[in-house]
Every structure is written in C-alpha cells, then in structure tokens.
Student: 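For reference, the structure I am asking about is given below.
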Protein chains: 2
Amino acid sequence: MTQAKDDPLAMRISRVLAERIIAGALAPGARLRQGPIAEEFGASHMPVREAFRRLESQGLVVSEPRRGVRVAGFSQAEVKEVAEMRAALEVLALRHAAPHLTRAILDAAEEATRAGDHAGDVEAWEEANRLFHRTLLAPCAMPRLLRTIDDLQAASARFLFSGWRAEWEAPTDRDHRAILAALRAGNVDLAALVLGRHVQWIGPRGQDQAGRPAGRRAGP
Amino acid sequence: MTQAKDDPLAMRISRVLAERIIAGALAPGARLRQGPIAEEFGASHMPVREAFRRLESQGLVVSEPRRGVRVAGFSQAEVKEVAEMRAALEVLALRHAAPHLTRAILDAAEEATRAGDHAGDVEAWEEANRLFHRTLLAPCAMPRLLRTIDDLQAASARFLFSGWRAEWEAPTDRDHRAILAALRAGNVDLAALVLGRHVQWIGPRGQDQAGRPAGRRAGP
DNA sequence: GAATCAAAAATTATCGATAATATTGAAAGG
DNA sequence: CCTTTCAATATTATCGATAATTTTTGATTC
C-alpha cells in the first residue's frame, strides 16, 4: 500500500508498529520491548531501536532512558493540542496551496470526500479523509510542513479509532464540501476559516463528554 | 549546559552534532559518515545511527536509504517555510500561555531581552533570543507544540548563524519589547500579531537580497 | 581524449553477543 | 500483615564483526 520493501528494515518495522498504535492494537501505556519485537520481525535489536526513534519523533511512543519505550497515552488535553496544531498548520498550508489548486485537484479532493461518505468502516473513512486533506494541501510544496501535518494526522486518527471502533455510520462531510465550494469560488479566507474549525472538531465523544473544541474563535 | 551525561549516548552524540550543524561547522550537503563519528565519540555504530534518526526528525539532516545522511541544505524557500511554521505555532502557543503569564515570567522574559541587547556575538544573542521565546511560551503547557517549536528554532538559528557569523552588532529588540508591553497591558491579540510578524522577520540578507517575508499579512 | 566497465575500496545496514541497569519476587524484620 | 532489603531475572544500551551496497579507481576501448 505504502512503499516497496527495499527501504531499511527499520522503516518497515516502524510503519507496522505505527499502524498498530494508530489502530489501537497497542494500548496507550503498553511497553514495547525490543526483544520480542526483534524476534517477531526476524531482525536484531538495531533496526527495532531505530524504529523506536522514528516512532518517538512522530509522537506515537514516549521513551524513558534505560526504561524502554511505551505507547504514548493521549489525554483529552493532548488530543486538543494536536487538533489545534493541525488547525494552525493546515490553514497555513492551505493558504500556500490555494494559488496552485487546479480544477483537477479540487475534483480529486471532492472524489475523496465522496469516497468517505460511502465508507463502510472507520478505517476506510479515515483513509478517505486523510486523502482529502493531503490532496488539498500538497500543492503548497512545503515538505517540512507537510511532514509535520502527516504526523499530527496520525495522532488524530488514533483518537478517532479509539472512540469509534464499533458503532459507525459514515457522516456526510459538510465541512469538506464547504471548503471545496469556497475554494472554487476563490474565497480562500472562508476556506481557511472552515478548515481551521473542521480540523478542531473533536467528535461527539472525548475522554469526557466535553466535546466542544476550545480553540473555536469564530462563530458557527 | 544542557543536561547531565547519564542519558543515552545517542542523545549526547545527536546534541553535539546538532550544535555543529546549527553553528555551521558542518556545511549543508556534507556527508555524515557513521564510521568516523563513532570513532570520534569512542562509540560503536548503533548510537551514531540512533543520533542520525533523531537529527533527521529535527530536520537537520536528510537520510537517503543505503546512501547515508547528509546535512540538510536550506534554500531561501526552506527558511521561509520554517519561519512561517514558527509564526503559526508560536502564536498558538502564546495564546494558550497568555492566561498563565505572571508578572515574574514577564520580568524574566524582559531580562532575556536585555541580555540579548548586550550580547557580544551572534551565539549569545541567539541564546538570549531563544530564552525569551521559551520563557514566554512554556506556560502554554503543550509539550508537543513546544517540542516542535524548539526544532523550528534550531533550524532558524542555523540560518541566522550562516548569515551573520562575522559582522555583528546587537540590535535593540523592539519587537520583544512591544510584545511584552502588549502582554502587560493585557492585549493578547496585539502581542500575538507582533510575535507572528517578528518570527517571520528574515533579517537583512537572505540567500538573495529579497529579505521581505512573504507571510506578512497585516500592515506595519 | 572521453566514455565505459569491472574490480577494489569504502560505507551502510544488520547481526549475535556482552555489559550495565532496571524490575521482580521472596525472605527478613518491624 | 505491611514494609524493606537483597538477590535472581529480565531488558535496555552498547559493542565488535559480518553481509550487502554503493562509490571509486583504473585500466581499456572507441
């Protein structure tokens, strides 16, 4: 799905572990021991450790020296933090991408939105959602910004999966459509405003029931 | 200066290498070979490789599989990218920190500004500048955000050093004082506005002479 | 003289083993 | 019965060596 298997072992291991953490197969706080993981992948400790460092930089695990790594927990505060960082950075990316958005790109983003509407489970919806954002923001051509946004999206997806694993129905994504409409009309400011709010939408249930995002500065 | 020497060897190595890259001792594009570096630190390859991964996540080196790592270059576009990310994220951090800013914290930030004014060289000025920002933003209590900002500051410092190594005179930092004044007056919006512009200030010389930052959306 | 190919040298990626440190559990003491 | 201490065990951090690639070098040909 992602990339060929000719890149370093550490990369493959980190990808698999990241998937597991995001999907919730590895619970927050769970210790990741290098021995068993190395054995599972038929590798030695070195690639596993490199994978750990990569996961650490993505914020998916926390590492205490001499004490190993464990899956990063996410309190409501942390989820909010990630959401607000995403909002700030995706708005920035969108403003830079806007001048480069062609008709074809907007159509592709709309197609991604449609795919999300028809998604049968959270995973499919999340993938479509990610594709929407990526399609719209990639033309900003700011690699470091895009990398950071990707990591934040991964963290967001974790939260999404944790809350919704079972009961799921694909919601028609009004925000996505509003963003596209604004962009088609050339109203970048409006698109950025909606995107900023959209990204901070935490969903119907947080750790507690206070689902209202805090960074909401503009009206509804 | 930073931390004791009881944390993993990889951490110490990455710190030293980071300092060298930021200070310009290692030129952009220069290859970092694990053999010589391991030998220099009296270590084996493993910690060196871990240090590389860490530097990679900070954006200080780029790694091509099977081909080693090299010091990341920075075009004017990349410098601008970092500056705009910093602006977006530092403004976010400041808005969250503002409610927690005490008189003592503001005084400490002012002291950092004074130290910067009296700095004799770029390094000292940069350290004071970093301290100013850190003092003001740390109370936001958003660890991931602060970590990201730190990495971006490091990238900024690289650029600063590259341009100013020789001719240097400490400039009185009007922006810092304006930010503090606004905060003391309780005008968070103004402080955020000035901070956002301040961070994007590229200095009198870029790679080419077009020093005007592009993200400048509000008037002077 | 420039381009090409092939062996040689260098370098990265990985492994298996060792040393250092943390964790655990049981025994002793209060 | 709970707390503390100490050894047995488990795990991390690190090393030295090996395998797999890439880069160089040097002749060789057009």
Side-chain angles (χ1 to χ4, degrees), chain A residues 2-21 25-73 147, chain B residues 2-21 25-73 147:
Chain A
T2 38
Q3 202 169 322
K5 53 173 169 269
D6 68 312
D7 43 19
L9 234 189
M11 205 70 78
R12 263 179 292 166
I13 295 175
S14 95
R15 263 199 286 267
V16 172
L17 293 178
E19 280 172 24
R20 286 183 196 167
I21 294 172
L26 290 168
R31 283 186 67 174
L32 261 55
R33 295 192 207 81
Q34 59 188 215
I37 292 175
E39 194 176 2
E40 172 187 347
F41 286 91
S44 76
H45 287 180
M46 169 104 69
V48 175
R49 285 184 133 273
E50 281 191 275
F52 282 177
R53 293 287 90 82
R54 174 165 261 275
L55 293 171
E56 186 183 8
S57 83
Q58 294 178 306
L60 293 176
V61 306
V62 293
S63 163
E64 294 175 282
R66 285 272 168 212
R67 204 162 297 193
V69 304
R70 52 185 61 226
V71 177
R147 236 191 333 132
Chain B
T2 40
Q3 202 170 324
K5 53 172 171 269
D6 68 310
D7 43 19
L9 195 42
M11 204 69 80
R12 265 179 291 166
I13 295 176
S14 96
R15 263 199 285 268
V16 172
L17 293 178
E19 280 172 23
R20 285 183 196 169
I21 294 172
L26 290 168
R31 284 184 67 174
L32 262 53
R33 296 192 206 80
Q34 58 187 216
I37 291 175
E39 193 176 1
E40 172 187 347
F41 286 91
S44 77
H45 288 179
M46 168 106 68
V48 175
R49 287 176 70 74
E50 281 191 275
F52 283 177
R53 294 287 88 83
R54 173 164 260 274
L55 294 171
E56 187 182 8
S57 82
Q58 295 177 304
L60 293 176
V61 306
V62 293
S63 161
E64 294 174 282
R66 287 268 168 214
R67 204 161 296 194
V69 304
R70 55 185 60 226
V71 178
R147 234 186 343 127

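Residue numbers start from 1 in every chain, and the chains themselves are labelled A, B, ... in the order their sequence lines are given, proteins ahead of strands.
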Student: When you look at B:F52 and B:L32, which way does the side chain to side chain contact (heavy atoms under 4.5 Å, CB included) test go after all the steps?
Tutor: CA-CA 9 Å; B:F52 283 177; B:L32 262 53; 3.8 Å; yes
Student: Step by step, work out the side chain to side chain contact (heavy atoms under 4.5 Å, CB included) result for A:R54 and A:R15.
Tutor: CA-CA 9 Å; A:R54 174 165 261 275; A:R15 263 199 286 267; over 6 Å; no
Student: Under 4.0 Å between a Lys/Arg side-chain N and an Asp/Glu carboxylate O for A:E50 and A:R53?
Tutor: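 Looking at A:E50 and A:R53, the cut-off is not met.
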Student: Taking all heavy atoms of A:P28 and all of A:G73, pick out the closest pair and write down the distance.
Tutor: CB-CA, 3.7 Å
Student: Would one find a side-chain N or O of B:R67 under 4.0 angstrom from OP1 or OP2 of C:dT11?
Tutor: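 So the side chain of B:R67 is outside the cut-off, no N or O lying under 4.0 Å from OP1 or OP2 of C:dT11.
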Student: Without decimals, in angstroms, what is the distance between A:E50 CD and D:dA13 P?
Tutor: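 Answer to the nearest Å: 14 Å.
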Student: Output the single nucleotide from D:dT23, C:dA13, D:dT12 whose closest atom is nearest the side chain of A:P8.
Tutor: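 From the listed options, C:dA13 comes nearest.
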Student: Which whole-number value in Å describes the distance from A:R12 CZ to C:dA13 P?
Tutor: 13 Å
Student: Atom CD1 of A:I37 to atom P of D:dA10: distance rounded to whole Å?
Tutor: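 Computing the A:I37:CD1 to D:dA10:P distance gives 18 Å.
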Student: Could you tell me whether A:L32 contacts a base, only the sugar-phosphate backbone, or nothing, with contacts defined as non-hydrogen atoms closer than 4.0 Å?
Tutor: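 Since only primed, P, OP1 and OP2 atoms lie under 4.0 Å of A:L32, the category is sugar-phosphate.
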Student: Nearest-Å distance, CD (B:E64) to P (C:dT11)?
Tutor: 16 Å
Student: Could you tell me how far apart A:I13 (CD1) and C:dC15 (P) are, to the nearest whole angstrom?
Tutor: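 For the pair A:I13 CD1 and C:dC15 P, the rounded distance is 8 Å.
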Student: How many Å lie between CG on B:L9 and C1' on D:dC15, as a whole number?
Tutor: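 In whole Å, D:dC15 C1' and B:L9 CG are 11 Å from each other.
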Student: May I have the distance from B:M46 (atom CE) to C:dA19 (atom P), rounded to whole angstrom?
Tutor: 15 Å
Student: Could you check how far CD of B:E39 sits from P of C:dT11, rounded to whole Å?
Tutor: 11 Å
Student: When you measure from the side chain of A:Q34, which nucleotide among D:dA13, C:dC15, C:dT12 comes out closest?
Tutor: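 The nucleotide sitting nearest to the side chain is D:dA13.
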Student: Among C:dC15, C:dT12, D:dC15, find the nucleotide with the atom closest to the side chain of B:R33.
Tutor: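 Of the options given, the side chain of B:R33 lies nearest C:dT12.
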Student: Taking the minimum atom-to-atom distance to the side chain of B:R66, which one of C:dT11, D:dT14, D:dA20 wins?
Tutor: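 Per side-chain heavy atoms of B:R66, the pick is D:dA20.
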Student: On DNA chain D, check which nucleotide each of B:R31 and B:S44 is closest to and give me the residue with the more 5' one.
Tutor: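 By nearest-heavy-atom nucleotide position, the 5'-most residue is B:S44.
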Student: Below the 4.0 Å mark, does C:dA13 have OP1 or OP2 next to a side-chain nitrogen or oxygen of B:R49?
Tutor: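 B:R49 to C:dA13 OP1/OP2: side-chain N or O found under 4.0 Å.
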Student: Mind listing the closest non-hydrogen atom pair of A:A27 and A:V71 along with its distance?
Tutor: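 Closest heavy-atom pair between A:A27 and A:V71: O-CB, 3.3 Å.
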Student: Could you say whether A:G42 or B:G68 is positioned toward the 5' end of DNA chain C, judged by the nucleotide with the nearest heavy atom to each?
Tutor: B:G68
